[in-house]
Protein chains: 2
Amino acid sequence: MKKSEQKMQDILSFIEEYTKNSGYPPTYREISANVNLKSINSVKKYLDRLELAGYIKKSGFKSRSIDLVKQEIPTVNFPVVGRVAAGQPILAEQNIEERLVISSSLIGNYDDSLLFALKVRGDSMIDAGINDGDLAIVHSQNTVENGEIAVAMVEDKATVKYFYKNEDKISLHPANPLYQPIEGKNISVVGKVVAIIRKI
Amino acid sequence: MKKSEQKMQDILSFIEEYTKNSGYPPTYREISANVNLKSINSVKKYLDRLELAGYIKKSGFKSRSIDLVKQEIPTVNFPVVGRVAAGQPILAEQNIEERLVISSSLIGNYDDSLLFALKVRGDSMIDAGINDGDLAIVHSQNTVENGEIAVAMVEDKATVKYFYKNEDKISLHPANPLYQPIEGKNISVVGKVVAIIRKI
DNA sequence: TCAAAAGTCAAACATTTGTTCTATTTTTAC
DNA sequence: GTAAAAATAGAACAAATGTTTGACTTTTGA
């Protein structure tokens, strides 16, 4: 590697670290002081090269306007809801226990603001590989396709089941022979389970 | 809410959005232009208040030195390994297919650099709620406790099983009556399964 | 090795940007 | 409603930060 290419690396690393620590990028002089370059002009030339090479973007004459064009891992951010109280919207402030983040690629292309998570209670879906205590990530929607796993409100309680609908009759099927399907009235679909996370 | 408190909110929101979009914070003048304040001095007073209230940190006389003291959600970052080639270290560059991120709270307090993920193949752990295609998050370690779920190398292939050890005899137990336990020689523990993620 | 190219340096400059000051207007609280 | 407090505005200032220029030194590549 050329000597100057090493310097380019050093400068890029310094910018990354500085930005991470400070919340804003360094100035040319701060860079010069930290990569063993006494000339501000040299710094500028390196930054021009870094920009040309696509590692950063700058805005002329603006201070600290180094924008790292980093390839961040895309994530989604969603709340974990606790007890779902009757009558309240699921995503009501009071229900939210914490917020979590996971890579978008783990759940498919859903809108951030329509996702939430729910801790699964009971073993009624155990044959679908959903255990007591698992975290279900749910996409809010009013209907799901037959055979999909849905979160539904049954008599003011949230439940996770396979969803089926024949001629306007809704039934929720457990994945456990010990339980009976739930049929009929007072069932409203809240969302579709798009992922399961289990801490072991 | 007082009128000035609303303005404080507006300014904070603008800073957050600007920083997210640009990679660096706005100047006082950019703020003033975007929150309907014609006086730079007013901006400064609001920023002083925001700092006093703990929302931001500033460094005197530094340009664009607004540091948002956001409460970020802690995450861990780990690679997904594909085929594990014989003889190679699991985390070898060639094995890594992508990198993922999830909230730390989803897996417990493990060291970032010792985590990796592995796609589970087969249904030998189905009664433990681990399905074909599930992603297992693994903490690299050379030994695990009896009864824990381990990733082990058996004849140069990675497998996920319950781990048991009696008087130096290691056995790997599937969670599926259709499979037999694996015993004996040529078994080396690679890590412990700390979480399971399933995309549905 | 040697000439050309690239990198380094220092200094002066132009622009941006945070700070301070004073006067005026608006809001707040009784 | 009214006086005190708070917020706003404009301008001048001081410090910082990016840019440019030209001379010098080092590195590169045949």
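Excluded from the calculations below are hydrogen atoms, water molecules and symmetry mates; all remaining heavy atoms, backbone and side chain alike, are included.
- Sorted by residue number, the members of residues 43-66 of chain B with any non-hydrogen atom under 4.0 Å from DNA chain D read B/K45, B/Y46, B/R49, B/F61, B/K62, B/S63.
- Taking 4.0 Å as the cutoff to heavy atoms of chain A, we find the contact window on DNA chain D bounded by D/dT17 to D/dG29.
- Within a heavy-atom distance below 4.0 Å of DNA chain D, the residues of residues 4-38 of chain A found are A/T27, A/Y28, A/R29.
- As a member of the Ile/Leu/Val/Met/Phe/Trp/Tyr network built from side-chain separations under 4.5 Å, B/I73 groups with A/I73, A/V101, B/V101.
- Judged as a ring pair (Phe, Tyr, Trp, His ring centres under 6.0 Å), and not counting sequence neighbours, the contacts of A/Y110 are A/H139.
- A/D123 and A/Y179 share a side-chain donor-acceptor pair at under 3.5 Å.
- A/N34 contributes a side-chain N or O that, together with a main-chain N or O of A/E30, makes up a donor-acceptor pair within less than 3.5 Å.
- Under the rule for a salt bridge (Lys or Arg N to Asp or Glu O under 4.0 Å), A/D127 has no partner lying at least two apart in sequence or in another chain.
- Side-chain contact of A/S63 with B/S63: a donor-acceptor pair under 3.5 Å is present, judged by distance alone.
- A 4.5 Å side-chain heavy-atom check between B/I102 and B/T75 finds every atom pair outside the cut-off.
- Counting only residues at least two apart or on different chains, no salt bridge (charged side-chain N to carboxylate O under 4.0 Å, His left out) pair has a member in residues 4-14 of chain B.
- Taking Ile, Leu, Val, Met, Phe, Trp and Tyr as hydrophobic and joining them when side-chain heavy atoms fall under 4.5 Å apart, one finds B/L52 isolated, its cluster having no other members.
- Here B/L12 sits in one hydrophobic cluster together with B/M8, B/I11, B/F14, B/I15, B/Y18, B/Y24, B/Y28, B/I31, B/V35, B/L37, B/I40, B/V43, B/Y46, B/L47, B/L50, B/Y55, B/I56, B/I66, B/L68; the rule is ILVMFWY side chains under 4.5 Å apart, joined directly or through other members.
- Defined by atom type and a distance below 3.5 Å, a donor-acceptor pair is missing between the side-chain atoms of A/S32 and A/K38.
- Using a 4.5 Å cut-off between side-chain heavy atoms of Ile, Leu, Val, Met, Phe, Trp and Tyr, with links allowed through other members, B/F78 and B/L118 fall into different hydrophobic clusters.
- Screening residues 138-153 of chain B for salt bridge (charged side-chain N to carboxylate O under 4.0 Å, His left out), with sequence neighbours left out, gives B/E148-B/K192.
- For DNA chain C, the contact window with chain B, defined by any atom under 4.0 Å from a protein heavy atom, covers C/dT17 to C/dA29 in 5' to 3' order.
- Axis orientation changes by 60° from one end of the helix from C/dT1-D/dA30 to C/dC30-D/dG1 to the other, with each end axis drawn from 5 pairs and the value rounded to 10°.
- Salt-bridge check for A/D132 with A/R121: passed, with a basic side-chain N closer than 4.0 Å to an acidic carboxylate O.
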